[in-house]
Amino acid sequence: MFGRKKAAPQPVVEETMDAVEEAAVEAPEQPGFAPELTGGPFSADEVDSDVLEGDQRLDLGSVNVPIPPGGQLQVEMAPDGSPQAVHLMLPSGRVTVAAYAAPKSPGTWESVIGELSNSMEAQSAALSLEAGPWGNELVALTQQAELRFIGVDGYRWMIRLVAAGPAGSAAADSELTAASRAILASTVVRRGTDPHPPKSPLPITLPPPMAEQLAQAHQMRIEQQSEQQEA
């Protein structure tokens, strides 16, 4: 089963000058990608907590996602050192999963597709709407990349996955799209009980070892910048 054969080492975090932290995660060598959970995304109360503590899963507070073999993590940081987004870097492209607050009734994702379409059209992207396992998926081709937006409505939450890569990488039959759907089908959302405005992102938290390394790297960067200013 996925994630039970070998414990992954703690991520190694490095800070770059563009305020993006990278954490490499070595996954066990095995063919294919077979998460223990399938048929999701799930709400946290639908899943055995033991499964969420698997070696090859990443707990980000509001979302718990599987890490495919060979996957790496890239943590995007705000100027104050808090995490803004966590990306899964795969050989075929980049996958970003985020959860948002939503009303109890479905329909948030269809509304978001309309907003995304308007935004991407303003950037002169070529758009297409395709049917996926959970409904409509939006594919956008820009000058920089090809993107596939996949969303699912849950109970008081909506989850969105963005797959990004070079032109052709987000095609319906591509490796990146297959991996993205497998990740989303194994993702677990923790909505929590705190009130949040509809469509607002649910908070991201990092596992303690990664958060500590990022905090140290952020502090080191501040000290280096201070030294440069005094020089």
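Side chains are part of it too, since the values below use all heavy atoms of this structure and drop only hydrogens, waters and symmetry mates. Count residues from 1 along the sequence. Here the structure is a predicted model, which is why all the values come from computation and not from measurement.
The salt bridge (charged side-chain N to carboxylate O under 4.0 Å, His left out) test applied to Arg156 returns no partner, not counting sequence neighbours. Not counting sequence neighbours, the partners of Glu175 by the side-chain contact (heavy atoms from CB on, under 4.5 Å) test are Ser92. Residues passing the side-chain contact (heavy atoms from CB on, under 4.5 Å) test with Ala125 are Met120, Leu127, Ala140, Thr142, sequence neighbours excluded.
Shortest non-hydrogen contact noted between Phe42 and Val47 is CB-CG2, 3.6 Å. The shortest non-hydrogen separation linking Ser62 to Ala99 is O-CB, 4.3 Å. Shortest non-hydrogen contact noted between Leu176 and Gly165 is CD2-N, 4.3 Å. Minimum interatomic distance between Asn136 and Glu110 (heavy atoms only, all atoms of both residues): ND2-OE2, 3.5 Å. In terms of heavy atoms, Met158 sits closest to Val112 at SD-CG2, 3.8 Å. Nearest approach of Arg148 to Thr177, heavy atoms of both residues: NE-OG1, 3.3 Å.
In Glu115, the CD atom is crowded: over 12 heavy atoms of neighbouring residues, nucleotides or ligands sit closer than 6.0 Å.
With hydrogens and angles disregarded, a donor-acceptor distance shorter than 3.5 Å links the side chain of Glu146 to the backbone of Ala170. A distance-only check finds no donor-acceptor pair linking the side chain of Ser43 to the backbone of Glu46 [under 3.5 Å]. Judged by distance alone, the side chain of Asn64 and the main-chain N or O of Leu52 form a donor-acceptor pair under 3.5 Å. Here the side chain of Trp157 pairs no donor or acceptor atom with the backbone of Lys104 at under 3.5 angstrom. Between the side chain of Ser174 and the backbone N or O of Ala171, at least one donor-acceptor pair lies under 3.5 Å. Side-chain N or O atoms of Ser200 include none that pairs as donor or acceptor with a backbone N or O of His196 at under 3.5 Å. Judged purely by atom type and a 3.5 angstrom limit, Asp153 uses its side chain to pair as donor or acceptor with the backbone of Gly107.
Classification of Arg190 and Asp59 as a salt-bridged pair holds, one side-chain N sitting under 4.0 Å from a carboxylate O.
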Open item on the list: Go through it in stages, so that I can follow the logic: the residues are Leu60 and Thr205, the test is side-chain contact (heavy atoms from CB on, under 4.5 Å), and I'd like the CA-CA distance, side-chain angles, deciding distance and then a yes or no.
Closed with: CA-CA 5 Å; Leu60 297 174; Thr205 59; 5.7 Å; no
TODO: Go through the steps for Val86 and Glu76 under the test side-chain contact (heavy atoms from CB on, under 4.5 Å), then give the verdict.
DONE: CA-CA 6 Å; Val86 178; Glu76 189 173 342; over 6 Å; no
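Using a 4.5 Å heavy-atom cutoff, the side chains of Thr96 and Arg94 are in contact. Side-chain atoms of Arg160 and Tyr100, non-hydrogen and from C-beta on, do get closer than 4.5 Å to each other. Counting only heavy atoms from C-beta outward, the side chains of Pro68 and Leu90 approach each other to under 4.5 Å.
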